[in-house]
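Data block below; observations after.
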Amino acid sequence: MGQSCYLAFVFIRSITMMMMLFSFVRGEVVKGINGLDKVVLRGTRGSSAAEIYLYGAQVTSWKNDCGEELLFLSSKAIFEPPKSIRGGIPICFPQFSNHGPLHDPHGFARNRVWSVDSDPPPFPTSSANKAFVDLILKPSADDLKIWPHSFEFRLRITLGPGGDLMMASRIRNTNSDGRPFTFTFAYHTYYSVLNISDVRVEGLKALDYLDNMQNETRTTEQGDALTFQSEVDRIYLSTPSNISILDNGKKRTYVIHKDGLPDAVTWNPWAKAILDLGVDEYKHMVCVEAAAVEKPITLSPGEEWRGSLEISAVSSSSCSGKNAPRKLLGN
Ligand code: TA6
């Protein structure tokens, strides 16, 4: 190889490595179940990936470097408006459960078709070396009849280089008549676990919670960790920013970091019959939801609220075989 060829080779290889290290990728829109549009994000390493339906802006799949699914999605999930999709990360807005004026528990954002936001105002965090998609929801004329407020809800969903999943919401009051509005909110995340009986949620010790099994009676957590032996439906109040879910069966820990969302809802329905949940599937899911419920958020016109969730999954065993993470060039 001549010297000029060699220099060209070194130059191209350096540029490729720089691009791999500092690139960001916008997700592509493809057809999903029942012809609904979904966005696929592919990580820069291994088999990590995420899928997001424009219907509900709902993440329905999040896979680690080994290609293992980290979110629970019901085998009976209905991908057909107006039913919301059972599993993944439904977004509860402008109301969590019955904490607000709407008849519809959990609000309408989870059963509206969002749009890809091609030119959002800059997000505070960098998108370098990450795959992401920006989505936006604005109310339709029918939505305004249900909740008479104009808003812009921008959501950036990011798959980080280590396979972490980030959800960053920005909600702005765009009422032109000077009226404030008030809302409650949750990222209603369904995590995949091997067996709910072998799961602990840590970070809730000594906190007060509203127990939905007792008409939201205020109670204080007595245990070191929350475990599950029957239906659990609680709103833990003013929690720390970090909460962990330890799945002993899969030897995996989900680490949750939240900002702007003081509360944490924990839910497992146990054997309760739910139309779009398979028999016994409750064993393989746990909801731990970054939320703002106890103190609803009020925005004046022009004001913006931000609430984010960052989740990572740490496994004690590494993957091997065909799904093993590809090594980065030069590593
Ligand atoms: O987040 C817990 C909860 O509010 C429970 O009370 C339970 O009903 C669950 O959400 C599911 O609600 P959904 O409307 O999706 O059936």
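Counting starts at 1 for both ligands and their atoms, following the listed order.
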* Asked: How long is the gap from OG on S169 to CG on L135, to the nearest 0.5 Å?
  -> 10.0 Å

* List in chain and number order the residues that pass salt bridge (Lys or Arg N to Asp or Glu O under 4.0 Å) with E51, two or more places apart in sequence or in another chain; answer none if no residue qualifies. => K38

For ligand 1, output the ligand-protein N/O contacts shorter than 3.5 angstrom; if there are none, return none.
residue  : atom   : partner : partner atom : Å
ligand 1 : 1 (O)  : H188    : NE2          : 3.0
ligand 1 : 1 (O)  : E289    : OE1          : 3.1
ligand 1 : 1 (O)  : E289    : OE2          : 2.8
ligand 1 : 4 (O)  : H106    : NE2          : 3.3
ligand 1 : 6 (O)  : D233    : OD2          : 2.5
ligand 1 : 10 (O) : H106    : NE2          : 3.0
ligand 1 : 10 (O) : H188    : NE2          : 3.0
ligand 1 : 12 (O) : H106    : NE2          : 3.4
ligand 1 : 14 (O) : R110    : NH2          : 3.0
ligand 1 : 15 (O) : R86     : NH1          : 3.1
ligand 1 : 15 (O) : R110    : NH1          : 2.9
ligand 1 : 16 (O) : R86     : NH1          : 3.2
ligand 1 : 16 (O) : R86     : NH2          : 3.0

* Pairs satisfying ring-ring contact (aromatic ring centres under 6.0 Å, His included), at least one member in residues 43-63, at least two apart -> Y53-F79

* Structure fact -> The residue among Y254, F72, W267 that forms ring-ring contact (aromatic ring centres under 6.0 Å, His included) with Y191 is Y254

* **Ring centers of F151, F93 separated by less than 6.0 Å** => yes

* **Residue pairs fulfilling side chain to side chain donor-acceptor pair (under 3.5 Å) with at least one residue in residues 172-181, sequence neighbours excluded** => H149-N175, S150-T174, R172-E304, D177-R179

